[in-house]
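Hydrogens, waters and symmetry mates play no part in the numbers below; they use all other heavy atoms, side chains included.
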Amino acid sequence: LAVSDFGSLADRLESIVEDIDELAFDRLREAVADGATSRPQSDKELSKARRAAEKAARVLRALADE
């Protein structure tokens, strides 16, 4: 991969982070509509995935800046 590809991959990951945010929000909205009083397990797992994608994007940005 070329250095410019690192930035492109980071951009794609940041887009995925936004998609995960939307999905998590939808899951929370559905849970509230269904009367849930606690955070759904899927939201916790989506948060983990979001953090991992954010971390990967940061690493790729750092590699692109080297």
What distance do Asp26 atom CG and Arg29 atom CZ have between them, rounded to the nearest 0.5 Å? 4.5 Å

Please name all residues satisfying side-chain hydrogen bond (donor to acceptor under 3.5 Å, both in side chains) with [X], sequence neighbours left out, ordered by chain then number.
X	answer
Asp19	none
Ser47	Arg39
Asp34	none

I'd like to know if Leu28 and Leu23 are part of one continuous hydrophobic network [Ile/Leu/Val/Met/Phe/Trp/Tyr, side-chain heavy atoms within less than 4.5 Å].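 No, it is not one cluster - the side chains of Leu23 and Leu28 are not joined through contacts under 4.5 Å.
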
Do Phe25 and Val32 land in one hydrophobic cluster if side-chain heavy atoms of ILVMFWY residues count as linked below 4.5 Å?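 Not linked; separate clusters.
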
Kindly give the heavy-atom pair with the smallest separation between [X] and [Y], and that separation in Å.
X	Y	result
Val17	Ala53	CG2-CB, 3.6 Å
Ile20	Leu46	CG2-O, 3.5 Å
Leu13	Ala56	CD1-CB, 3.6 Å
Leu63	Phe6	CB-CD1, 3.8 Å

Which residues satisfy the salt bridge (charged side-chain N to carboxylate O under 4.0 Å, His left out) test with Arg58, sequence neighbours excluded?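 Expected list: none.
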
Taking only residues two or more places apart in sequence, or in another chain, which ones meet Ala31 in a side-chain contact (heavy atoms from CB on, under 4.5 Å)?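 Scan of Ala31 (side-chain contact (heavy atoms from CB on, under 4.5 Å), adjacent residues dropped) gives Ala36, Pro40.
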
Pairs meeting criterion salt bridge (Lys or Arg N to Asp or Glu O under 4.0 Å) with involvement of residues 45-54, two or more places apart: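 Counting only pairs at least two positions apart or across chains, the salt bridge (Lys or Arg N to Asp or Glu O under 4.0 Å) contacts touching residues 45-54 are Asp21-Arg50, Glu45-Lys48, Arg50-Glu54.
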
If you draw a 6.0 Å radius around CZ in Arg61, do more than 12 non-hydrogen atoms from other residues or ligands fall strictly inside?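 Yes.
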
